[in-house]
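Heads up, the thing below is written out as structure tokens.
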Amino acid sequence: MLLQTSGPSRTRIFSLLHQCRLASSKPRFDYDLVVLGGGSAGLACAKEAVDCGARVLCFDYVKPTPVGTKWGLGGTCVNVGCIPKKLMHQASLLGEAVHEAVAYGWNVNDKNIRPDWCKLVRSVQNHIKSVNWVTRVDLRDKKVEYVNSMGAFVDGHTIEYVPKSGQAKSRVTAKNVVVAVGGRPRYPSIPGATEFGITSDDIFSYDREPGRTLVVGAGYVGLECACFLKGLGYDPTVMVRSIVLRGFDRQMSELLAAMMSERGISFLETTIPSSVERQSDGRLLVRFRNTTTQTDGSDVFDTVLWAIGRRGLIEDLNLEAAGVKTQNDKIVVDRSEATNVPHIFAVGDIVYGRPELTPVAILAGRLLARRLFAGSTQLMDYADVATTVFTPLEYACVGMSEETAIEKHGADNIEVFHGYYKPTEFFIPQKSVRFCYLKAVAEIAGDQKILGLHYMGPVAGEVIQGFAAALKSGLTVKTLLNTVGIHPTTAEEFTRLSITKRSGRDPTPASCCS
Ligand code: FAD
Ligand code: NDP
């Protein structure tokens, strides 16, 4: 009867049963679970597993970048990803806000306001160190054993590592292994790439001003880095191999690129780098080729930042010893995150074909631990994951792009509601509203179930997060338009969407309050 209970209480009962079983039997393995990788996915999984009564050991080790950058416990997000990126984004937005403040009547005397790059880097790094420390304390409090070493398979149940003290190699055995080793930035195979270029692993602790920067790559990382550098007063150029933000809604991606151009960010379209050399004055000469015109060119930069995607860190795992299947440099798993070896699992960025996002990694890790040690059957739902590109006008979306909706449902079965809008706070400083735009992609029939929401404007992530929950709950256009907005906000624009693309009507608003 007890086992028929559902929800958290059922999970708790399983957890208690599991703890009793663990206490009463002599363990065959040193640990119930070894986690390889102490980033978002690995830590979430390890902590949840301990909460469910498992004996857990977590390995985490960071190899320095080619220019020697290293960091502490917590993985990409905390050290060289979301967190320092958001802080630099905020720093760049504040630069803009200072100028807006003048229009609002603030007396800002120094007309030549410049950020202090080294001070900013110091502040960002101090914050990261405090998070590293809290993360370590949290593991200790939760009784997750932590080893700051690289782990590798000897066989399916045995992990070998070199203790930090430089002693001989040690081994531990585990009933289950979770691989959560994440990824690292790629470097192009061209002369000078690793000698003279840096990546997102280096920029947040870069000890000198980046100056004129070539950002190679037009995905999330490239665009976000170019934007915060521009906002901080540097001069970035983005080199685009094919299109910006591949995989995102095309109209929104092109709008975003146009917004960046309006702010003075240069783009080298359909261009790939050929080489990087250091000149006698210390600056970097980059040669490149335009693949449309088939012409070669070159330019000189102070910094070259590779943002050409990330590779999974499988090379040091000795996965062959465990017989784990891989594809490209990622691990192949099924819906329960199990690899082809049933007691070996993978979560987070290392998994083939999954979104590389922190909340995805965390929830997948947590749910896996509950399934392993608390009798849960809940699988991770990878559908309709909301995301944001942190550019000065941010772009956030959830659900399908217009192209995907048309491909899946047919153009005749889709209605797209859209509109430009004018944020009230933009009027006094006379900020450009050209790119404040949003759209809802919906089914045309019935109550018009919403398939995708797209928003470009201030604090897009904050705006879309709540709508993401609504979309997962089956939001329709009818419900959206029956929702009373909060005035004056930009999020309320979703409740005022009345113009369809099909109608051909002008989506530009006449005033803020009509
Ligand atoms: P990681 O966080 O990379 O952790 C893996 C850990 O395992 C690392 O510490 C690694 O060194 C260690 N390791 C590797 N091999 C071994 C081994 N053999 N033994 C022991 N340890 C090992 N996501 C968002 O949701 N929002 C954002 O705004 C965002 N911004 C980003 C900005 C940048 C610049 C980047 C690069 C990424 C950003 N991401 C963002 C993505 C996010 O950081 C990742 O999706 C997330 O960190 C993945 O977590 P993970 O646990 O899978 O891997
Ligand atoms: P992406 O794969 O998103 O983008 C890589 C970019 O580099 C593409 O524009 C690609 O062009 C280009 N490229 C690839 N190879 C080359 C090459 N050899 N020469 C020139 N250009 C090349 O990777 P990112 O590193 O930007 O981001 C990785 C992941 O990290 C993202 O998918 C995202 O999940 C996560 N992330 C999330 C963020 C957020 O949530 N805000 C922020 C940053 C990262 P092409 O289109 O032609 O292949």
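Note that ligands are numbered from 1 as they come in the structure, with each ligand's atoms numbered from 1 the same way.
Proximity of A180 to ligand 1, defined as any heavy-atom pair under 4.0 Å, is confined to the backbone N, CA, C and O atoms. Both the backbone and the side chain of S242 come within contact range of ligand 2, each with a heavy atom under 4.0 Å. For E356, heavy-atom contacts with ligand 2 shorter than 4.0 Å involve the backbone as well as the side chain. Neither the backbone nor the side chain of R186 has a heavy atom within less than 4.0 Å of ligand 2. Residue L245 does not touch ligand 2, judged by heavy-atom distances below 4.0 Å. Contacts of A152 with ligand 1, taken as heavy-atom pairs under 4.0 Å, are absent altogether. At a 4.0 Å heavy-atom cut-off, ligand 1 does not touch K63 at all. When non-hydrogen atoms are compared, ligand 2 lies under 4.0 Å from neither the backbone nor the side chain of P185.
Across I308, V360, V240, heavy-atom proximity to atom 21 (N) of ligand 2 is greatest for I308. The closest heavy-atom contact to atom 41 (N) of ligand 2, among the options V221, V389, T388, comes from T388. Counting only non-hydrogen atoms, the option in G219, P359, A386, G309 that gets closest to atom 23 (O) of ligand 2 is G309.
An N or O contact shorter than 3.5 Å is missing between E224 and ligand 1 by distance. At least one N or O atom of E224 sits closer than 3.5 Å to an N or O atom of ligand 2. Among the atoms of D316, none of the N or O lies under 3.5 angstrom from an N or O of ligand 1. Close N/O approach between V347 and ligand 1 is not found [any backbone or side-chain N/O within under 3.5 Å]. Backbone and side-chain nitrogen or oxygen atoms of L357 are examined, and one is located within less than 3.5 angstrom of a nitrogen or oxygen of ligand 1. Taking distance alone, with nitrogen or oxygen atoms compared against 3.5 Å, W71 stays at or beyond that limit from ligand 1. Between G151 and ligand 1, at least one pair of N/O atoms sits closer than 3.5 Å.
Heavy atoms of F390 approach ligand 1 to within less than 4.0 angstrom. The shortest separation from a heavy atom of G365 to ligand 1 is not under 4.0 Å, leaving the residue out of contact. Not a single heavy atom of L73 sits under 4.0 Å from any atom of ligand 1.
Side-chain atoms of E394 come within 3.5 Å of backbone atoms of A460 as a donor-acceptor pair (strictly under, hydrogens ignored).
Interatomic distance, I350 CD1 to K330 NZ, rounded to the nearest 0.5 Å: 6.5 Å.
When only non-hydrogen protein atoms are considered, atom 28 (O) of ligand 1 lies nearest to K85 NZ, 2.7 Å.
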